[in-house]
**Student:** 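Quick one: the structure is below, questions incoming.
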Amino acid sequence: MSDLPEHPTLAAQNAHWEKTYAASPENFGPEPSAPAKYAAELFRANGKPSLLELGAGQGRDTLFFAREDFSVHALDYSDTGLAAIRDKALAQGLAERIATQRHDVRQPLPFPDASLDACYAHMLFCMALTSAELAFLSGEIRRVLQPGGLCVHTARNTADSHYQKGIHRSEDMYEMNGFIVHFFSRKKVHSLAEGYEVMDIAEFEEGALPRKLFRVTLRKR
């Protein structure tokens, strides 16, 4: 177990996400995200047939990876989201390619050292996680990746229109409409890349706001 301290406001986000997923079965839509399409091409080109997806949500990217012939370990801390993934995978004939597990990323990842080809996390890093918790998570991802393993993660950045809006919770974390977002600077991206080669930091936009994000590509040294 991690020795990281529990923060009640941050921990309460679990219940908020459960409620959101229950009310909206396709909260982010059914189509795969642009970062997932990028990651699939990258992982395939580098011979990475299996991947760990952190913060899988309701499975829009999980199902895409499975359709693209990847084997996916999908982790999330929402039972509602994981149940939706399992139901969709069964309906689409993809159940054999997807393994789901409830997990809080503030705790050690449930995989042996150097056991996975790649890791993907779309907006998981910018959830209600402190810098210490993010550093712990980054180290855990590095631990479970094989040498040369790839990691693609995204996070909303400090150019986003919601940065410094709403309720300031801690560090660069702000709450709006019940959701806490940790906004990233390039300095924070690099601070979490210890033990990795930073292959790319790309800026992109998503959604109607639009949200402004970094897409970070890392290779384990």
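Quick note: numbers below take in every heavy atom, side chains included, and nothing from hydrogens, waters or symmetry partners.
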**Student:** Go through the structure and list residues passing side chain to side chain donor-acceptor pair (under 3.5 Å) with Asp200, not counting sequence neighbours.
**Tutor:** Arg215
**Student:** Mind checking whether Ile141 and Tyr196 have side chains closer than 4.5 Å, heavy atoms only?
**Tutor:** yes
**Student:** Once you round to the nearest 0.5 Å, how far does CZ of Phe204 lie from CG of Asn157?
**Tutor:** 9.0 Å
**Student:** Quick check for you: to the nearest 0.5 Å, what is the distance between Asp69 atom CG and Arg44 atom CZ?
**Tutor:** 7.0 Å
**Student:** Should Lys48 and Leu42 count as side-chain neighbours, where that means a heavy-atom distance under 4.5 Å?
**Tutor:** no
**Student:** Look at atom NZ of Lys220 and say whether more than 12 heavy atoms of other residues, nucleotides or ligands are closer to it than 6.0 Å.
**Tutor:** yes
**Student:** Are Phe184 and Phe214 close enough that their ring centers fall under 6.0 Å?
**Tutor:** no
**Student:** For the CG atom of Leu51 and the SG atom of Cys151, what is their distance to the nearest 0.5 Å?
**Tutor:** 10.5 Å
**Student:** Kindly assign one of parallel, tilted or perpendicular to the pair Tyr163 and Tyr174, based on the angle between their ring planes and the thresholds 30° and 60°.
**Tutor:** perpendicular
**Student:** Between Gln58 and Ser78, is a side-chain contact (heavy atoms from CB on, under 4.5 Å) present by the stated rule, with each step listed?
**Tutor:** CA-CA 9 Å; Gln58 295 165 306; Ser78 167; over 6 Å; no
**Student:** Which is it for Glu203 and Arg186 under the salt bridge (Lys or Arg N to Asp or Glu O under 4.0 Å) test, yes or no, and what are the steps along the way?
**Tutor:** CA-CA 10 Å; Glu203 297 185 32; Arg186 285 182 176 267; 3.1 Å; yes
**Student:** Should Leu137 and Glu133 be marked as a side-chain contact (heavy atoms from CB on, under 4.5 Å) after you check the CA-CA gap, both sets of side-chain angles, and the distance that decides it?
**Tutor:** CA-CA 6 Å; Leu137 173 59; Glu133 290 166 342; over 6 Å; no
**Student:** Near Glu194 CD, under 6.0 Å, is it more than 12 heavy atoms from other residues, nucleotides or ligands?
**Tutor:** no
**Student:** Which residues pass the side chain to side chain donor-acceptor pair (under 3.5 Å) test with Ser33, sequence neighbours left out?
**Tutor:** Asp61, Tyr120
**Student:** If I take atom OG1 from residue Thr100 and atom CD from residue Glu53, how far apart are they, to the nearest 0.5 angstrom?
**Tutor:** 11.5 Å
**Student:** Hey, could you give me the CZ/CZ distance between Arg97 and Phe65, rounded to the nearest 0.5 Å?
**Tutor:** 13.5 Å
**Student:** Given side chains that start at C-beta, do those of His182 and Ser131 come closer than 4.5 Å, heavy atoms only?
**Tutor:** yes
**Student:** Using the side chain to side chain donor-acceptor pair (under 3.5 Å) criterion, which residues pair with Asp160? Sequence neighbours excluded.
**Tutor:** Arg156
